[in-house]
Amino acid sequence: MARNIPRHGTLIRKILGGVLVLAALTALGCGSRETLETIRASRDAGRRLRHVEIQWDLAHSFAFDETDDLEGFRVTEGEWDIHDGMLRAVGGDRNRAIMLVQSGYDPVRIEFDATNHSSRGLIGDITILLDSRPEKTFFSDGYALTTGSYWNTCTTFYRRGVALANTAWSPVRSGQRNHIVFLFDRGHIRYEMNGEILLETWDVSPLRFSPDRWIGIRTWATSMEIDNVCIYQGRVAETR
């Protein structure tokens with residue numbers, strides 16, 4: 001009879017194992033439902049926004065024809081100047097960041113031309129900063145979109161310094177002029193380069209922008225030229 005009764009240790013292990021399996025299944029079920037609900041909410045939000053026409057009003061534009069324009073910007077890191085009608089990141093061992101305008105716009109559309117030049121084999125990032133601060137901690141605020149990063153291997157959206165979405169692809173080439181279009185529309189985030197969408201995603205709990213935060217541009221340890229910056233404020237078109 002004794003041989004048919006499990007030892008105490010074996011019995012306890014079986015009980016604990018059953019509890020852990022049950023807990024895991026329960027957690028998996030809850031997690032799956034929550035994930036599906038989040039996906040559905042994101043998809044539904046996307047459908048609604050895509051059926052709403054946005055009118056874009058030009059709020060700021062910079063052609064960098066005057067060197068005095070630099071006085072209205074906030075250099076956060078590195079060295080920047082204006083030369084030959086372009087805003088240039090010309091110095092800095094690591095981050096080179098500059099804030100252009102204060103903006104609380106949502107929706108917002110940002111367009112500009114960017115040319116990176118390789119240094120020591122590194123092309124460097126092209127980064128847009130949204131709802132940021134003119135401080136060295138800028139990357140932990142608001143949103144950031146960076147392409148050309150990690151040795152030109154990926155494109156990533158960051159939300160307060162944490163990756164929200166990314167793709168292992170970046171078409172940045174040294175010396176090539178690129179037309180950048182960045183769109184943020186109440187959680188809908190899209191990044192285009194030269195007419196091609198590199199990355200698009202949704203933030204189902206979008207940050208609320210503050211009018212005392214800034215829109216900026218950043219690169220990493222390389223020279224970069226910026227031109228023809230246009231920042232648009234979006235508004236929902238009136239329906240009849």
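When a residue number appears, it is its place in the shown sequence, counting from 1.
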Does any part of the side chain of Arg74, heavy atoms only, come nearer than 4.5 Å to the side chain of Trp214, both counted from C-beta? yes
Check whether Trp169 and Tyr191 end up in the same hydrophobic cluster, where Ile, Leu, Val, Met, Phe, Trp and Tyr are linked by side-chain heavy atoms less than 4.5 Å apart. yes
Distance-only criterion, 3.5 Å: show the donor-acceptor pairs between side-chain atoms of residues 157-166 and protein atoms not counting sequence neighbours.
from	atom 1	to	atom 2	distance (Å)
Arg159	NE	Asp203	OD2	2.6
Arg159	NH2	Ser205	O	2.7

Do any N or O atoms from the side chain of Tyr143 and from the backbone of Leu207 form a donor-acceptor pair under 3.5 angstrom? yes
Ignoring hydrogens and geometry beyond distance, is a side-chain donor-acceptor pair present between His188 and Glu200 at under 3.5 Å? yes
Co-membership, hydrophobic cluster, residues Phe182 and Leu129, 4.5 Å side-chain: no
With a cutoff of under 4.5 Å between side-chain heavy atoms, which Ile, Leu, Val, Met, Phe, Trp and Tyr residues group with Met86? none
Test Thr147 against Ser170 for side-chain hydrogen bond (donor to acceptor under 3.5 Å, both in side chains), laying out the working first. CA-CA 6 Å; Thr147 190; Ser170 171; 3.2 Å; yes
Got more than 12 heavy atoms from elsewhere within 6.0 Å of CG, Asp57? yes
Would you say Asn95's side chain and Glu77's backbone share a donor-acceptor pair under 3.5 angstrom? no
Check the side chains of His179 and Asn194 for a donor-acceptor pair under 3.5 angstrom, ignoring hydrogens and angles. no
Count I, L, V, M, F, W, Y as connected when their side-chain heavy atoms are under 4.5 Å apart, and connections chain through other members. Are Phe73 and Ile180 then in the same cluster? yes
Donor-acceptor contact present, side-chain Ser223 to main-chain Val90, <3.5 Å: no
State, with a plain yes or no, whether a side-chain heavy atom of Asn152 is found less than 4.5 Å away from one of Leu122. no
Gln176 CD: over 12 foreign heavy atoms closer than 6.0 Å: yes
Looking at Leu199, Leu198, Ile197, Asn178, which hits side-chain contact (heavy atoms from CB on, under 4.5 Å) with Glu192? Ile197
Any side-chain heavy-atom pair of Phe64 and Arg88 under 4.5 Å: no
With a 6.0 Å cut-off on ring centres, are Tyr105 and Phe184 close enough? no
Is Ile110 reachable from Val101 through a run of hydrophobic residues whose side-chain heavy atoms are each under 4.5 Å from the next? yes
